[in-house]
Asker: 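Next up is a structure, given as structure tokens.
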Amino acid sequence: MSIQTPKGTRDILPSEIHLWHFVESKVQEIFEVFGYHEIRTPIFEHTELFVRGVGDTTDIVEKEMYTFADKGGRSLSLRPEGTASIVRACIQNRLLDTLPVLKLYYTGQMFRYERPQAGRYREFWQAGVEAFGSANPLLDAEVIDLAYELLADLGLKQLSVQINSLGDDACRPAYTRKLLEYIERHLDDLCGKCVGRYERNPLRVLDCKEAECRTIMVDAPKSLDHLCEDCQQHFEQVQHFLNDLEVDYAVNPYVVRGLDYYTRTAFAVVASGLGAQDEVLGGGRYDKLVESLGGKPTPGVGFAFGLDRLILALEAQGVDLLEPHPCDVYIAAIGTEAEKVALKLSHTLRQQRIKTDMEFAGRSLRAQMKTANKIHARYTILLGDNELARNTVVLRNMQSGDQSEISQMELMETLLEKLNCCSSP
RNA sequence: GUGAGUGUAGCUCAGCUUGGUAGAGCGCUUGACUGUGGAUCAAGUGGUCGUGGGUUCAAAUCCCAUCACUCACCCCA
């Protein structure tokens, strides 16, 4: 067996690349319409950044990071998510002082050492936005609106936007104590996994999928009911603004983000057709993250979504994406003399940015026509001894089957006219 | 890290129960049609049966190990 891609990685093949181009260009367009600027950060960082930024008790940091020592003995890690790096870049380059609200977006590969399954890879693509500098619920609403607009514009149907509030330093500790007390009373009836969660991150007992646990947790205290005055007001305003924007959302007290840095607003978008991993986008507010990484206190809000999952969902939902026409003209040449002319001819056509390809294998005309058909060439130029003797070519429309012999002199003009008059099928 | 399923031609898969010379469809090449694709027909091309070991006169088939992939748990995008 020859060498394969490492577990959890894969090739994105020419036959599917148009989906990626479509999504990437749409992402760039919508993000920029909302005022975001692209930033690119390294694919590996000092391990310490993720330990402090993402949280040292999270699964991501505890067991999913690709961590290694470089030749200088530094501990480095492939990035498992985007936000920590963006915050680091903002602090390092003093970007936070440049604008009252700084809006950044990014796209790129992330790495997590997990067992792969449908919609989950060890190397996966994420795109996301981060907006720094304002705690205003207007900004939360705008970010959620952006997420919704983006996914809807890409053609995703059956989207479910779910929002929650996790509270802040003022109310979260008291709430967590109440939750712990409640769980403690029901510890014997919860599944074994939840007993573990109780010790490490009690919030996550709330989104256990075991029927037994769900029943018990229905009556558990929710963060929503224990918000302090400020958080309560903030969350109400976020909802108010979302209503104004006509974003279709639902309040879901079970939306609990897996990363430590979230405060107040948390949200997720779930799409159909993805199997078990159906959360396509997740985000929220992180008002303490910047200072915890050594910057001046700066509120932030953002989200990230998985491009792999998004594309899976688009395919599963049968979203029809036109494949751009890969070939305008295929030159079928019969004989070595004709091949020489074909090479020069293709050179000239390409200078006019006509997508041109030709035969290189010296096969029969029939075989060449088959290839022209297979690659969906719009026109075929036939070039053989007859045409060479007369300085002509035969130009064939591959859709209608009409063809005519024209002089090589008028070929370019005719072709440009035909290609421009009707757009690609 | 845990559990289940699957590895046979470039692709999709049959054959395995009950061991006996490696199969089909699609693709590709060629021809019918000596210079015309999308249809049909024919021929041809193509496989260390994931890998290693064991049982046997004989293993794709039975046994053991191992690797890979897939799905699910966990967790998340």
Side-chain angles (χ1 to χ4, degrees), chain A residues 1-10 13 15 54 57-64 79-83 107-128 147 151 191-194 196-197 200-201 204 207-210 255-259 268-271 274-283 303-313 330 332-335 338 359 361-388 393-403 405:
Chain A
M1 189 58 99
S2 51
I3 297 172
Q4 311 274 302
T5 51
K7 184 192 279 280
T9 69
R10 67 207 175 112
L13 300 173
S15 58
V54 177
T57 62
T58 57
D59 278 8
I60 290 177
V61 168
E62 270 191 345
K63 50 188 193 188
E64 293 174 3
R79 60 185 183 196
E81 57 100 55
T83 302
T107 305
Q109 293 103 313
M110 307 295 161
F111 304 85
R112 291 183 201 169
Y113 190 87
E114 296 181 273
R115 290 283 286 263
Q117 68 187 71
R120 188 168 71 195
Y121 307 93
R122 288 184 171 179
E123 179 196 36
F124 59 102
W125 289 76
Q126 273 191 346
L151 297 179
C191 70
K193 287 149 193 164
C194 280
R197 292 187 187 118
R200 296 175 47 223
N201 192 337
R204 279 188 223 145
D207 60 8
C208 180
K209 284 148 196 154
E210 292 287 328
V255 171
V256 179
R257 312 263 67 237
L259 290 67
V269 182
V270 171
L274 280 177
Q277 311 302 325
D278 61 354
E279 185 182 314
V280 74
L281 180 149
F303 65 75
F305 67 95
L307 294 176
D308 313 78
R309 275 188 197 175
L310 177 67
I311 286 168
L312 279 177
Y330 185 86
I334 308 137
E359 167 74 4
R363 296 172 305 156
S364 68
L365 179 60
R366 176 186 152 79
Q368 297 188 46
M369 292 300 291
K370 268 183 104 116
T371 299
N373 187 60
K374 186 178 176 181
I375 66 175
H376 300 116
R378 294 173 68 188
Y379 287 89
T380 299
I381 287 171
L382 280 71
L383 204 53
D385 290 343
N386 297 341
E387 290 75 21
L388 287 182
V393 299
V394 169
L395 183 62
R396 181 179 178 87
N397 180 319
M398 292 301 281
Q399 201 165 11
S400 65
D402 298 338
Q403 69 179 43
E405 185 170 355

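Numbered from 1 within each chain, the chains take letters A, B, ... in sequence-line order.
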Asker: A:Arg120 CZ to B:U70 C1': how many Å, rounded?
Answerer: 13 Å

Asker: Does A:Gln126 or A:Pro116 map to a spot on RNA chain B nearer the 5' end, using the closest nucleotide for each?
Answerer: A:Pro116

Asker: Just checking A:Leu281: base, sugar-phosphate only, or nothing, at a heavy-atom cut-off of under 4.0 Å?
Answerer: sugar-phosphate

Asker: For A:Tyr121 and B:C71, what is the distance between atoms OH and C1' respectively, to the nearest whole Å?
Answerer: 13 Å

Asker: Could you check how far CD of A:Glu405 sits from C1' of B:G35, rounded to whole Å?
Answerer: 12 Å

Asker: I'd like the C1' distance from B:A59 over to B:C16, given in whole Å.
Answerer: 10 Å

Asker: Partner of B:A60 by Watson-Crick or G-U wobble geometry, both contacts under 3.5 Å, or none?
Answerer: none

Asker: Determine the interatomic distance between C1' on B:A9 and the same-named atom on B:C26; round to the nearest Å.
Answerer: 12 Å

Asker: Rounding to the closest angstrom, what is the interatomic distance between B:U17 and B:A60 at atom P?
Answerer: 12 Å

Asker: Distance check, P atoms only: B:U12 and B:U55, in whole angstrom units.
Answerer: 35 Å

Asker: Can you check the A:Ile334 CD1 to B:C33 P distance for me, whole Å?
Answerer: 18 Å

Asker: Expressed in whole Å, how much space separates the C1' atoms belonging to B:C41 and B:C13?
Answerer: 25 Å

Asker: Hunt down the Watson-Crick or G-U wobble partner of B:A77, both distances under 3.5 Å, from any strand shown, or write none.
Answerer: none

Asker: If we call it a pair only when both distances are under 3.5 Å in a Watson-Crick or G-U wobble match, what pairs with B:G37?
Answerer: none

Asker: How is A:Glu387 classified with respect to the nucleic acid when contacts are heavy atoms under 4.0 Å: base, sugar-phosphate, or nothing?
Answerer: base

Asker: Does any N or O donor sit under 3.5 Å from an N or O acceptor when you compare the side chain of A:Asp385 with the base of B:G35?
Answerer: no

Asker: Please measure how far the C1' atom in B:C62 lies from the corresponding atom in B:G19, and state the result in whole Å.
Answerer: 8 Å

Asker: Rounding to an integer number of Å, can you tell me how far A:Gln368 CD sits from B:U29 C1'?
Answerer: 14 Å

Asker: Nearest 0.5 Å, what's the OG1-CZ distance between A:Thr83 and A:Phe303?
Answerer: 11.0 Å

Asker: Roughly how far apart, to the nearest Å, are B:C28 and B:U45 at atom C1'?
Answerer: 8 Å

Asker: Under 4.0 Å between any heavy atoms, over every strand shown, what does A:Glu114 touch: base, sugar-phosphate, or nothing? Just pick one.
Answerer: base

Asker: Does CG belonging to A:Asp385 count more than 12 external heavy atoms closer than 6.0 Å?
Answerer: no

Asker: Is the backbone of A:Ala333 close enough, under 3.5 Å, to the side chain of A:Gln368 for a donor and an acceptor to pair up by distance?
Answerer: yes

Asker: Starting at NZ of A:Lys63 and ending at P of B:U2, how long is that distance when rounded to a whole Å?
Answerer: 12 Å

Asker: Should A:Phe305 be counted as stacked on B:A77, where stacking needs a ring-centre gap under 5.5 Å and an angle between planes under 30 degrees?
Answerer: no

Asker: Using Watson-Crick or G-U wobble geometry with both distances under 3.5 Å, which nucleotide pairs with B:U55?
Answerer: none

Asker: Please determine whether a side-chain nitrogen or oxygen atom of A:Gln117 lies at a distance below 4.0 Å from atom OP1 or OP2 of B:A72.
Answerer: yes

Asker: With heavy atoms under 4.0 Å as the rule, sort A:Ala118 into base, sugar-phosphate or nothing.
Answerer: sugar-phosphate

Asker: As an exercise, state the distance from CE of A:Met369 to CZ of A:Arg396, rounded to the nearest 0.5 Å.
Answerer: 4.5 Å

Asker: Say whether, by atom type as modelled, one donor and one acceptor occur between the side chain of A:Arg112 and the main chain of A:Pro80 under 3.5 angstrom.
Answerer: yes

Asker: To the nearest 0.5 Å, what is the distance between CG on A:Leu310 and CG on A:Leu281?
Answerer: 9.0 Å

Asker: NA contact type, A:Asn386, heavy-atom cut-off 4.0 Å: base, sugar-phosphate, or nothing?
Answerer: base

Asker: Consider the side chain of A:Phe124, meaning its heavy atoms from C-beta on, and name the nucleotide among B:G35, B:C75, B:A77 that approaches it most closely.
Answerer: B:A77

Asker: Which part of the nucleic acid, if any, lies within contact of A:Ala367, taking any heavy atom under 4.0 Å across all strands shown: a base, the sugar-phosphate backbone alone, or nothing?
Answerer: sugar-phosphate

Asker: OP1, OP2 of B:C74 versus side-chain N and O of A:Arg115: anything below 4.0 Å?
Answerer: no

Asker: Nearest-Å distance, CD (A:Gln4) to C1' (B:C69)?
Answerer: 9 Å

Asker: Could you give the distance from OH (A:Tyr121) to CZ (A:Arg309), rounded to the nearest 0.5 Å?
Answerer: 9.5 Å

Asker: Can you tell me if A:Arg378 uses its side chain to pair, donor with acceptor, with the backbone of A:Gln399 under 3.5 Å?
Answerer: no

Asker: Mind checking the P distance from B:A65 to B:G3? Whole angstroms is fine.
Answerer: 14 Å

Asker: Does A:Glu64 make a side-chain donor-acceptor contact with the base of B:C76, cut-off 3.5 Å?
Answerer: no

Asker: Below 3.5 Å, does any donor atom in the side chain of A:Arg363 face an acceptor in the base of B:C28, or the other way round?
Answerer: no

Asker: Could you check whether any side-chain heavy atom of A:Tyr330 comes within less than 4.5 Å of a side-chain heavy atom of A:Ile381, counting everything from C-beta outward?
Answerer: no

Asker: Answer with yes or no whether A:Gln403 presents, from its side chain, a donor or acceptor under 3.5 Å of a partner atom in the base of B:U36.
Answerer: yes

Asker: Just grab all the salt bridge (Lys or Arg N to Asp or Glu O under 4.0 Å) pairs involving residues 115-125 of chain A, residues at least two apart or on different chains.
Answerer: A:Glu114-A:Arg120

Asker: Tell me, for nucleotides 37-46 of chain B in 5' to 3' order, what letter each nucleotide earns: B for a base near a protein heavy atom under 4.0 Å, S for only sugar-phosphate near one, - for neither?
Answerer: BB--------

Asker: Holding to side chain to side chain donor-acceptor pair (under 3.5 Å), I want the full list of residues that pass it with A:Glu64, two or more places apart in sequence or in another chain.
Answerer: none

Asker: Here's a test of your reading of the structure: between A:Thr5 and A:Gln277, which maps to the more 5' nucleotide of RNA chain B?
Answerer: A:Thr5

Asker: Sort out the partner of B:C28 for me: Watson-Crick or G-U wobble, both distances under 3.5 Å, none otherwise.
Answerer: B:G44

Asker: Quick one: look up who B:G3 pairs with, Watson-Crick or G-U, both distances under 3.5 Å, and put none if it's unpaired.
Answerer: B:C71

Asker: Rounded to the nearest angstrom, tell me the gap between atom CD in A:Glu279 and atom C1' in B:C74.
Answerer: 15 Å

Asker: So for A:Arg112 and B:A77, does any side-chain atom that can act as donor or acceptor lie under 3.5 Å from a complementary atom in the base?
Answerer: yes

